[in-house]
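Just so you know, these numbers use all the heavy atoms, side chains as well, and skip hydrogens, waters and symmetry mates. Whatever order the structure lists ligands and atoms in, that order sets their numbers, starting from 1.
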Amino acid sequence: MHNPYQDAVTQLELVAKRLESEYEDKKRFQTAISLLKTPETLHEGMLEITLDSGKKQSFKAFRSQHSNVRGPYKGGIRFHPGVTKEEVKALSLWMSWKTAAVNIPYGGAKGGVIVDPRKLSTTELEQLSRAYVRFLGTAIGPWIDVPAPDVNTTPQIMAWMADEYERMQQESNTAHLQNPLASFTGKPLGLGGSLGREEATGLGGVYILEELAKKLAWKRKQDITIAIQGFGNVGYWFAAHAVTAGYKVVAVSDSKTGIYDPNGLDPVAILASKRKTGQLTAASPLSNQELLELGVDVLVPAALENVITAENAAMIKATTIIEMANGPTTPEADEILAKRNVTVIPDILANAGGVSTSYFEWVQNLSGSYWSKQMVLEKLQPLMTTAFDAIWSLHLAEKTTVRLAAYQVAVRRVIDALFLRGRV
Ligand code: GLU
């Protein structure tokens with residue numbers, strides 16, 4: 001089994017080799033790098049809930065707080081049967097680089113619970129969400145650690161969590177000191193959520209796609225074909241906005257099956273039918289592996305990590321990969337893709353639209369002033385394109401992969417903050 005945390009450390013070591021020459025004090029630089037390999041705090045515990053049957057059941061839970069050197073810890077919580085400690089640790093490192101890559105004032109963290117939420121009733125899911133907040137207790141809060149949705153966690157789950165956080169504050173008579181709504185992002189609009197947050201990750205990826213189209217001088221958008229693995233919140237919104245922008249989405253898939261039509265798909269209609277039947281339906285279904293190897297221009301992994309590996313990297317026909325999932329490409333696959341001149345826009349840049357809009361939500365909660373959707377998007381687009389431009393220029397100037405360029409920008413910001421604080 002691939003260890004995503006080991007991959008995250010390998011990526012950090014690769015960028016350290018490139019960055020070292022920029023730092024005079026090599027010893028101090030190396031101390032910073034070794035510090036950044038390990039999360040600052042790892043919370044681990046069991047969440048017990050009472051099932052509808054009256055039986056008790058416990059679920060393993062984690063929160064990895066990697067770095068708060070640039071601001072409060074920030075990152076989602078995933079509910080998935082495949083969650084592991086190593087995965088959560090890796091994801092927390094990637095969050096630190098992501099918030100630094102787009103230069104928003106946060107650190108990095110990630111949470112996870114080993115559970116298949118589809119097997120829980122709504123009341124069981126609510127209990128689990130509230131238990132997760134109790135498990136973290138005072139380790140989270142608007143100026144400490146601000147969780148958000150990730151795989152299988154929804155605005156409703158964030159609402160329960162924010163409510164539980166507020167109850168805890170009331171119990172300890174500290175509610176007047178905190179702004180409970182700013183303790184979680186990705187909340188529903190009726191409870192302090194931000195306009196634009198739900199679609200922000202997918203839309204942010206399409207902003208990057210549009211910038212890339214300019215840099216690579218793509219002529220006719222309608223000739224650019226796209227395959228998307230994953231049809232959750234991220235994959236769906238990427239597909240919908242890509243089609244609106246004029247690109248041709250020819251394939252999408254969820255965890256069970258895929259749909260392919262060389263003439264182009266209508267994501268809105270596919271979502272409507274998935275909602276009705278509970279699954280993607282296709283005349284001639286496509287496996288996830290077949291989707292990854294389709295002869296398309298752009299491949300968009302938008303589900304889980306470790307899908308582009310040393311085993312299939314040579315078979316990928318797309319010339320561009322936009323990583324909307326976190327960690328979809330292993331370092332070995334990255335090397336193969338780089339040799340084959342496949343342009344990979346890394347996760348820490350491509351999917352940063354979500355956490356960036358989380359930042360806008362948090363700012364709105366703290367200030368008590370709410371923005372129109374237009375205002376949100378007017379801030380999101382320049383934030384994404386500025387980050388893209390800086391990283392793209394560095395990639396050209398240093399003849400390096402876009403991932404290494406993004407890591408160079410991000411890790412440098414984190415190290416500089418460590419130096420400024422005198423933590424190393
Ligand atoms: N889970 C998302 C991510 O991986 C969003 C995190 C956030 O908004 O804090 O970027």
request  = Tell me which one of R197, M158, K74 gets a heavy atom nearest to atom 5 (C) of ligand 1.
outcome  = R197
request  = State whether a side-chain donor-acceptor pair under 3.5 Å links T84 with K89.
outcome  = no
task = Give the contacting part of P149 toward ligand 1: side chain, backbone, both or neither, where contact means a heavy-atom distance below 4.0 Å.
result = backbone
remark   = Counting from 1 in the order shown, the ligand 1 atoms closer than 4.0 Å to a non-hydrogen atom of V355 are 7 (C), 8 (O), 9 (O)
ask   = Going by the order shown, which atoms of ligand 1 are within less than 4.0 Å of some heavy atom of D150?
value = 1 (N), 2 (C), 4 (O)
task = Quick one: sort the W392 and F388 rings into parallel, tilted or perpendicular, breaks at 30° and 60°.
result = parallel
query = Which of the numbered atoms in ligand 1 are below 4.0 angstrom from a heavy atom of M95?
reply = 3 (C), 4 (O), 6 (C), 10 (O)
request  = Give every residue pair that meets the side-chain hydrogen bond (donor to acceptor under 3.5 Å, both in side chains) criterion with at least one member in residues 233-242, sequence neighbours excluded.
outcome  = E199-H241, N233-W237
query = With a distance cut-off below 6.0 Å to the six-membered ring centre and an angular limit of 45° from the axis, does K379 pair with W371 as a cation-pi contact?
reply = yes
task = Consider ligand 1: state whether an atom of it lies below 4.0 angstrom from any non-hydrogen atom of K110.
result = yes
task = Mind running side-chain hydrogen bond (donor to acceptor under 3.5 Å, both in side chains) on N288 and S253 for me, showing each step along the way?
result = CA-CA 7 Å; N288 262 294; S253 68; 2.9 Å; yes
message = Any donor-acceptor pair under 3.5 Å linking the side-chain atoms of N179 with those of N365?
response = no
key: Protein heavy atom at shortest distance from atom 3 (C) of ligand 1   = K98 NZ, 3.2 Å
key: atom 7 (C) of ligand 1: the protein heavy-atom neighbour that sits closest, reported with distance to 0.1 Å   = A148 CB, 3.3 Å
note = The closest protein heavy-atom partner of atom 8 (O) of ligand 1 is S358 OG, 2.5 Å
inquiry  = Check for me whether the distance between the ring centres of F59 and Y132 falls short of 6.0 Å.
reply    = no
remark   = So for T357 against ligand 1, with non-hydrogen atoms under 4.0 Å, the contacting part is neither
request  = Consider ligand 1: state whether an atom of it lies below 4.0 angstrom from any non-hydrogen atom of G75.
outcome  = yes
Summary of side-chain hydrogen bond (donor to acceptor under 3.5 Å, both in side chains) pairs that have at least one residue in residues 272-281, sequence neighbours excluded = D254-K274
